[in-house]
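No hydrogens, no waters, no symmetry mates; every other heavy atom, side chains included, goes into these values. This chain uses plain numbering: 1 for the first residue, then up along the sequence.
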Amino acid sequence: YVKTTDHVEAIAAVPMNVWAQLLVLGGVFECARYNWDNGLFVFPFEDPEVFFDPAKVCPKDQKDFDVMMTKELKNGRMAMIAWTGLVVHHFIPDA
């Protein structure tokens, strides 16, 4: 465990075996997506349009569904902006 207040140095302090596990996990997801796109994966549910929603938080109404998807998209964009801010703050301290 390395104590640091710098966010980029904290990423570099992560052990190499953790990065290897994340790489393998990403590969598993990419292989599953490839198999799904090429029809090699049999979907376990009745409706192939069902997506992953284990907490059942997604609304059934199409209008509410569109609002929820817009909120999720905006949250993802805000997370990318925040991450960019961390990296910029690290490499350009007076920015």
### Message
Let me confirm one number: the CD-CG distance from E30 to N35, rounded to the nearest 0.5 Å.
### Response
11.5 Å
### Query
Can you tell me how far the CZ atom of R77 sits from the CG atom of N75, to the nearest 0.5 Å?
11.0 Å
Check whether [X] and [Y] end up in the same hydrophobic cluster, where Ile, Leu, Val, Met, Phe, Trp and Tyr are linked by side-chain heavy atoms less than 4.5 Å apart.
X	Y	result
V88	M80	no
V67	M69	no
M16	L23	no
I81	L73	no

## Note on the structure
For F65 and P59 the tightest heavy-atom approach is N-CG, 3.7 Å
### Task
Please name the pair of heavy atoms, one in V57 and one in M68, separated by the smallest distance, quoted to 0.1 Å.
O-CE, 3.6 Å
### Message
Holding to side-chain contact (heavy atoms from CB on, under 4.5 Å), I want the full list of residues that pass it with V14, two or more places apart in sequence or in another chain.
### Response
V18, W19
### Close side-chain approach of L25 to Q21, heavy-atom, < 4.5 Å
no
